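Data first, discussion second: the structure below is written as structure tokens.
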Amino acid sequence: MRGWLLTRHFDLRQTLECGQFFDWSRGSSGYQVRACGRVFEVSQEGDRLTFSGVEKAFIQRFFSLDHQPAAIRARLPPDPWLDKAFAAYGRLRLLRQDPWECLVAFLLSPVSNIPRIQRNLRSVHDATGFEPSRMRPALLKGLGLGFRWRFLDSAARRVNKQGLGRWRKRGPAAMQGILGAGPKVQDCVRLFGYADYSAFPVDTWIRRALQELYGVKLKDRELRLWAGERFGPWGGYAQQWLFAWSRSERRFLRPGRIPARP
DNA sequence: TCCCAGGCCACAC
DNA sequence: GTGTGGCATGGG
């Protein structure tokens, strides 16, 4: 299976590398991606997206090529900071990941960093193929996940009990009670795995950004509500634009180095 | 050497 | 209910 398609207002690099997804690697030309139980290659030249190893319909769905960034921006409130973030990162799309794979990835995220999450996730994938029945403690402990191996163990036990198919169909509620699946992790899976675009994950970067750009000094639980009210049903996109932009401007997001209001 | 990292949990009070 | 330390490991 090999093919191509034309895209508009889409950036493959931003989309894969912005931190919503980790199971990619740069190949000779473009990226190799492992997602939703498939392995495929994809590359972009201009507006032309070339892929192999997977069918076109999958590419369109996985990369959310049905989304229109300008229309989404228009559904978010007027906001100079959002304008800046959108100008820089508005060509990324929120992926439609598999909820289970997405949960596994973000259970590896607490007190870690993106390069390490990526390494850890690849190890887990290579060792288990993301099959919960193969995620045994003895195996997980040897993968250098730190304390996070318990989180995968807890999730795997839960999913094994009811079967992966049934677990997926239960939706976000199925994450309740899994060790390590707190508010931030659940919001990430809602946003990236269940296509709930109202989800607004609050992490260290977003916390700093909201505090230093908008002057809101609240606890994470209130920040989440504040963002929900301000940004509404498409807040997830706002979150990801601000997240990517904040990271790229990291030296400006330190106390005393706040950029001038645009 | 010390500090922090896409948090979360158990345990004070 | 709210605040705090500890958690495994790696990198700056």
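In what follows, every heavy atom counts, from backbone to side chain, and hydrogens, waters and symmetry copies are set aside. In what follows, every chain begins at residue 1, and chains take the letters A, B, ... in the order their sequences are listed. Computed from a predicted structure; not experimentally measured.
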Side-chain N or O of A/K141 versus OP1/OP2 of C/dA8: is the shortest distance under 4.0 Å? no

Assign [X] to base, sugar-phosphate, or nothing according to its heavy-atom contacts below 4.0 angstrom with the strands shown.
X      : value
A/V185 : sugar-phosphate
A/P183 : sugar-phosphate
A/R221 : nothing

Taking only residues two or more places apart in sequence, or in another chain, which ones meet [X] in a ring-ring contact (aromatic ring centres under 6.0 Å, His included)?
X      : result
A/F63  : A/F10
A/Y194 : none
A/F200 : A/F231
A/F58  : A/F40, A/F62

Spacing of [X] atom [atom1] relative to [N] atom [atom2], expressed in whole Å:
X      : N      : atom1 : atom2 : value
A/F151 : B/dC9  : CZ    : C1'   : 8 Å
A/N120 : C/dG10 : CG    : P     : 9 Å
A/K219 : C/dG1  : NZ    : P     : 12 Å
A/R150 : C/dA8  : CZ    : P     : 6 Å
A/L103 : B/dG7  : CG    : C1'   : 14 Å
A/L108 : C/dT9  : CG    : P     : 14 Å
A/F147 : C/dC7  : CZ    : C1'   : 6 Å
A/L218 : C/dT2  : CG    : C1'   : 15 Å

If you measure from the [atom1] atom in [N] to the same atom in [M], how many Å do you get, rounded?
N      : M     : atom1 : value
C/dC7  : B/dC3 : C1'   : 16 Å
B/dG6  : C/dG3 : C1'   : 23 Å
B/dC11 : C/dA8 : P     : 14 Å

Check whether any side-chain heavy atom of A/V42 sits under 4.5 Å from a side-chain heavy atom of A/T50, and report yes or no.
no

Are any protein N/O atoms closer than 3.5 Å to N/O atoms in nucleotides 4-6 of chain B? If there are, list each pair with its distance.
| from | atom 1 | to | atom 2 | distance (Å) |
| --- | --- | --- | --- | --- |
| B/dA5 | O3' | A/S112 | O | 2.5 |
| B/dG6 | OP2 | A/W205 | NE1 | 3.3 |
| B/dG6 | O5' | A/S112 | O | 2.8 |
| B/dG6 | N7 | A/G19 | O | 3.1 |
| B/dG6 | O6 | A/G19 | O | 2.1 |
| B/dG6 | O6 | A/Q20 | N | 3.3 |
| B/dG6 | N2 | A/D203 | OD2 | 2.2 |
| B/dG6 | N2 | A/Q239 | NE2 | 3.0 |
| B/dG6 | N3 | A/D203 | OD2 | 2.3 |

Cut-off 3.5 Å, no hydrogens considered: what does the side-chain donor-acceptor table look like for residues 184-193 of chain A, sequence neighbours left out?
| from | atom 1 | to | atom 2 | distance (Å) |
| --- | --- | --- | --- | --- |
| A/Q186 | OE1 | A/Q176 | NE2 | 3.4 |
| A/Q186 | NE2 | A/A181 | O | 2.9 |
| A/D187 | OD1 | A/R190 | NE | 3.4 |
| A/D187 | OD1 | A/R224 | NH2 | 3.1 |
| A/D187 | OD2 | A/R224 | NE | 2.5 |

* Relative to each other, are the rings of A/Y197 and A/W234 parallel, tilted or perpendicular (30° and 60° limits)? -> parallel

